[in-house]
Amino acid sequence: MVGAMPVNLIPKFCNGTMDSHNGTDESEIQVHIGSRVKCNDDFGTVKYIGEVQGYKGVWYGVEWDDPARGKHDGSLDDVQYFKTSKPGAGSFIRPNKISPFRTCAEAIQKYYGDREDETVAAHRRTVINEWKREMGAPFIEMVGFEKIHQKQKFDRLLEVCVHDQNVAKPGDVAGLCPNVRSLDVSRNLFSNWREVIQLSAQLPDLRELDVSKNRMAIDMPEETLTQLSINFASLEKLNISVCDYEWADILSLSHLWPKISEIIAAYNRIKTIIPPSVTMRTLTTIRLDGNPLDSWYEIMNLGLLKNLKILSLNDCQIAEIRFNDDPNEKVDVFENLEVLFLNRNRVNDWRSLSELNKLHRLRKLYFLKNPIQNTEDYDTGSQLIIAKIDTLQELNGSTITRELRRGAEYDYMKRYGAEWKLAQTDMQLQRAFCLEHCRFTQLINKYGIPEDSLLVKQPKTMTLTSQLLEIILRDETGKTLKKKFPSSMLVQKLVTLAQRLFNKAGRTGSPILYLLDDQMQGAEICLDNVMKDLAYFSVKNGDTILVRFR
C-alpha cells in the first residue's frame, strides 16, 4: 500500500523509468513520466508510474488527449497521484494494455520490407537460378544476396511514411535509408523534440518532415535550439498540425529551422501571434487553419514576413478584416502575399472584402461559407468580391476573365451608384461610403458615372415583406385581384396561379400574361419567357398584369 504522494513524482522503486513490457525487445524502449502511449485508438501522456492503493502491481496514470476517455483528474479514493490539465481526462491502466513501441527504423523496415514487388522477387529468383546453372552448382546458397538486395532497396527510398506505427524513438535510420528527403512520422508516440532532432540528424538531405498529431515537449532554451539547427539544415517544409501548440511554442521551435519555407500548424491552440523578429525570414507559406484566431490584428503580426506568399486561415474565427481607416492607400504589410484562404470563417460584412483591396499583390482568394455570403446568391456575391479587389485573378479556384471583371465592375457601379451620388452631398456620408466601397472612385474614373436610368436603388430593409410586390391581376372580363408576390417569382408560377384564379367553364389552354406599362401610354408587354422572374420584366409595385386565355 502507498499513501498520498507528491503530484508527478516518480516512486523511488521505479528509478526514473521502467520497462514497458510491451513486447519490443529490440528497441528496449522504456516508459517514463512524460512518455506518450497508445491504448486501442486512444493516445495519452504518462503522468504517474507506480502502485495504486488497494490494487496490486504497477499502474500507469495517463492523461488522455481525448478527455472523454478519462475517468478522473488523477485522484482515486481521496489520494492524488497526478493532476490532469483538463478535467476528467485521467485514468489508470496496466502496462500490458499499451500498444508495443517501435523505433522509426523498425517501422520503416517492417512497412517497406514487407512490400516487396512480386515481379522483382520473381526476377531475382530467375537470376539466381541462372547463376546456379552457369556455375554448375544447383545447391549452392547465394549467401548475402538477399541482404544486399534489401540494402539497395532501402537506399533508394526518398519518401517514407510510417504514419500511426507506434514510433517512439529514432533507431538507426541512417544505417537503413540515409537518402530520405521526405519523412512522415505523423500520429506516433514522440514525446520530446530531442527525439525528432536525433531522427533528423541521421538524414542530411531531409527536405520535408511531417510530425503532426504528436505531442512533443519543448525543454530546451532558444540558444540550444539555434545550435541544434544544423540538424535541420536542409528542411524546407514542416507539418506540426494537431500538436497542441500555442504560437509562442512555434516561435521558440522556429530557431531549429534556418531555411524553412512552409509551415503547416493547423488545429493547434494559436489565439495570439507574436511578430517573428529573427526567425522565419525564409517563410513563403504558412497554414494556420482551424486555430481559434478571431482577431485580424493578430494576423497582421505576420505581415512583416517579407517573403510570405501564401496564407491559409480556413476554419478560424475571423469576424472582420480591418487594416486602417484610409480607403485609398495600400498597406505596408503582406507586401508579397498572393494567395489567401478564408473559407468557413465568421466574416459578416462586405467592407472586410473591400479591405483586402489594400494588399499589393493578392492574386487568388478562397472565400466560401462565410455569413456575409448568405445575403446574396453565389454569383452575385462573387461579382461583388471581384469588383472590390482589383488585383484578383482567381476566386475560389475559378479564373477571372477580362469580360467577367468588366461585367462585375459595371454591375457594381449600377448597384451602388445612387448611394454614391447621395453621399456626395454630405462629407460624413461620403467618408462612410468610401470605407465601404474603396474602389468606387477608381471605377468611376475607369467607366464614367452611370446614367440615372441605369442605377439600381437598393431597398433600405431586406425583410421578406419589403421585397414583395403588390400586383393587380385583371382578366378580359374586368375581374381584378390584388396579390403580393416576390420579385424572384418565375412567370411560369404566376401563369399557373392565374389559371386557377380566373379559369371558368369552357376556357381551355394556359393564360398569357401581359404587363401594362403606364410610362408607354398603357402599352402591353407580353411576359413570353415563363422561365424568367418578374424582376426580369421590370415588374414594379402596383403594376397591372392582364390575364388572357388563348
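In this chain, numbering begins with 1 at the start of the sequence shown. Everything numeric in this text was worked out from a predicted model, so none of it was measured.
- Atom CD1 of Ile230 is surrounded by 12 or fewer heavy atoms from other residues, nucleotides or ligands within 6.0 Å.
- Using a 4.5 Å heavy-atom threshold, the side chains of Ser234 and Lys259 count as separate.
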Stepwise salt bridge (Lys or Arg N to Asp or Glu O under 4.0 Å) check, Lys330 with Asp390: CA-CA 12 Å; Lys330 297 287 187 179; Asp390 62 347; 3.7 Å; yes
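- When only modelled atom types and interatomic distance are considered, His255 and Thr279 share no side-chain donor-acceptor pair under 3.5 Å.
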Output, in order, the C-alpha distance, side-chain angles, deciding distance and verdict of side-chain hydrogen bond (donor to acceptor under 3.5 Å, both in side chains) for Lys38 and Asn188. CA-CA 9 Å; Lys38 181 182 178 184; Asn188 278 293; over 6 Å; no
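- Taking all atoms of both residues into account, the shortest heavy-atom contact from Asp325 to Arg351 is OD1-NH2, 3.4 Å.
- Summarising the geometry, atom CG belonging to Leu404 is positioned 7.0 Å from atom CD belonging to Gln383; distances are rounded to the nearest 0.5 Å.
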Derivation of the side-chain hydrogen bond (donor to acceptor under 3.5 Å, both in side chains) call for Ser312 and Asp289: CA-CA 6 Å; Ser312 187; Asp289 308 303; 2.6 Å; yes
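- Looking at Ser241 and Ser212, their side chains never bring a donor and an acceptor atom within 3.5 Å of each other.
- Side chains of Asp65 and Arg36 form a contact here, defined as non-hydrogen atoms less than 4.5 Å apart.
- Considering only heavy atoms from C-beta on, Glu159 stays 4.5 Å or farther from Leu183 through its side chain.
- Salt bridge present: Lys306 and Glu335 bring a charged side-chain N and a carboxylate O closer than 4.0 Å.
- Note on Arg187 versus Asp41: no salt bridge recorded, every NZ/NE/NH1/NH2 to OD/OE distance being 4.0 Å or above.
- A distance of 5.0 Å separates OH in Tyr81 from CD in Gln53, rounded to the nearest 0.5 Å.
- If you take CZ on Phe190 and OG on Ser35, they are separated by 13.0 Å, rounding to the nearest 0.5 Å.
- Ile108 and Val173 make their closest contact through CD1-CG1, 4.4 Å (heavy atoms, listed as atom of the first residue, atom of the second, distance).
- Using modelled atom types, one finds no donor on one side chain facing an acceptor on the other under 3.5 Å when comparing Thr226 with Glu222.
- Distance check, rounded to the nearest 0.5 Å: OG1 of Thr399 to CG of Leu392 gives 11.0 Å.
- Closest of all the heavy-atom pairs between Leu313 and Asn345 is O-ND2, 2.8 Å.
- You'll find the side chain of Ile318 stays beyond 4.5 Å of the side chain of Arg346, heavy atoms only.
- A donor-acceptor contact closer than 3.5 angstrom links the side chains of Glu394 and Tyr366.
- Formation of a donor-acceptor pair under 3.5 Å by the Asn214 side chain with backbone atoms of Val185 is found in this model.
- No side-chain heavy atom of Asn268 sits under 4.5 Å from any side-chain heavy atom of Trp247.
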Salt bridge (Lys or Arg N to Asp or Glu O under 4.0 Å) between Glu338 and Arg363, worked out: CA-CA 5 Å; Glu338 296 180 358; Arg363 303 286 186 265; 5.7 Å; no
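- No side-chain N or O of Asn357 forms a donor-acceptor pair with one of Ser354 less than 3.5 Å apart.
- With no hydrogens or angles considered, no side-chain donor-acceptor pair links Asn396 and Ser398 at under 3.5 Å.
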Is there a side-chain hydrogen bond (donor to acceptor under 3.5 Å, both in side chains) between Glu262 and Thr284? Walk through the geometry before answering. CA-CA 6 Å; Glu262 179 174 352; Thr284 60; over 6 Å; no
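- Between Met216 and Tyr245 there is a side-chain heavy-atom pair separated by less than 4.5 Å.
- Although no hydrogens or angles enter the test, the distance criterion places a donor-acceptor pair under 3.5 Å between the side chain of Arg269 and the main chain of Asp244.
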Please walk me through it: do Glu195 and Lys169 pass salt bridge (Lys or Arg N to Asp or Glu O under 4.0 Å)? CA-CA 6 Å; Glu195 298 152 359; Lys169 296 289 181 181; 3.4 Å; yes
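- Side-chain contact between Pro170 and Gln202 is present, with heavy atoms from C-beta onward closer than 4.5 Å.
- A side-chain donor-acceptor contact under 3.5 Å links Asn231 to the backbone of Leu228.
- Val52 is listed as a side-chain neighbour of Leu76, based on a closest heavy-atom distance under 4.5 Å.
- Between the side chain of Asn40 and the backbone N or O of Asp42, no donor-acceptor pair lies under 3.5 Å.
- The neighbour count for Lys369 NZ, taken as heavy atoms of other residues, nucleotides or ligands under 6.0 Å away, does not exceed 12.
- Between Leu302 and Leu288, the closest heavy-atom pair is CD1-CD1, 3.9 Å.
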Starting from the C-alpha separation in whole Å, work towards a yes-or-no answer on ring-ring contact (aromatic ring centres under 6.0 Å, His included) for Phe92 and His72. CA-CA 9 Å; Phe92 290 100; His72 49 68; 5.3 Å; yes
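- Residues Asn343 and Phe367 share a closest heavy-atom pair of OD1-N, 3.2 Å.
- Annotation: the span from Leu256 atom CG to Leu225 atom CG amounts to 4.5 Å, rounded to 0.5 Å.
- Of the possible donor and acceptor atoms, one in the side chain of Asp66 sits under 3.5 Å from a partner among the backbone N and O of Ala68.
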I'd like to know whether Ser75 forms a side-chain hydrogen bond (donor to acceptor under 3.5 Å, both in side chains) with Asp73, so could you lay out the CA-CA distance, the side-chain angles of the two residues, the decisive distance to 0.1 Å, and finally the verdict. CA-CA 6 Å; Ser75 177; Asp73 297 341; over 6 Å; no
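- Side chains of Asp249 and Ser252: no donor on one and acceptor on the other come within 3.5 Å.
- The number of heavy atoms from other shown groups lying within 6.0 Å of NZ (Lys213) does not exceed 12.
- Atom CH2 of residue Trp350 and atom CD of residue Glu436 lie 10.5 Å apart, to the nearest 0.5 angstrom.
- Pairing each heavy atom of Gln373 with each of Leu368, the nearest pair is OE1-C, 3.3 Å.
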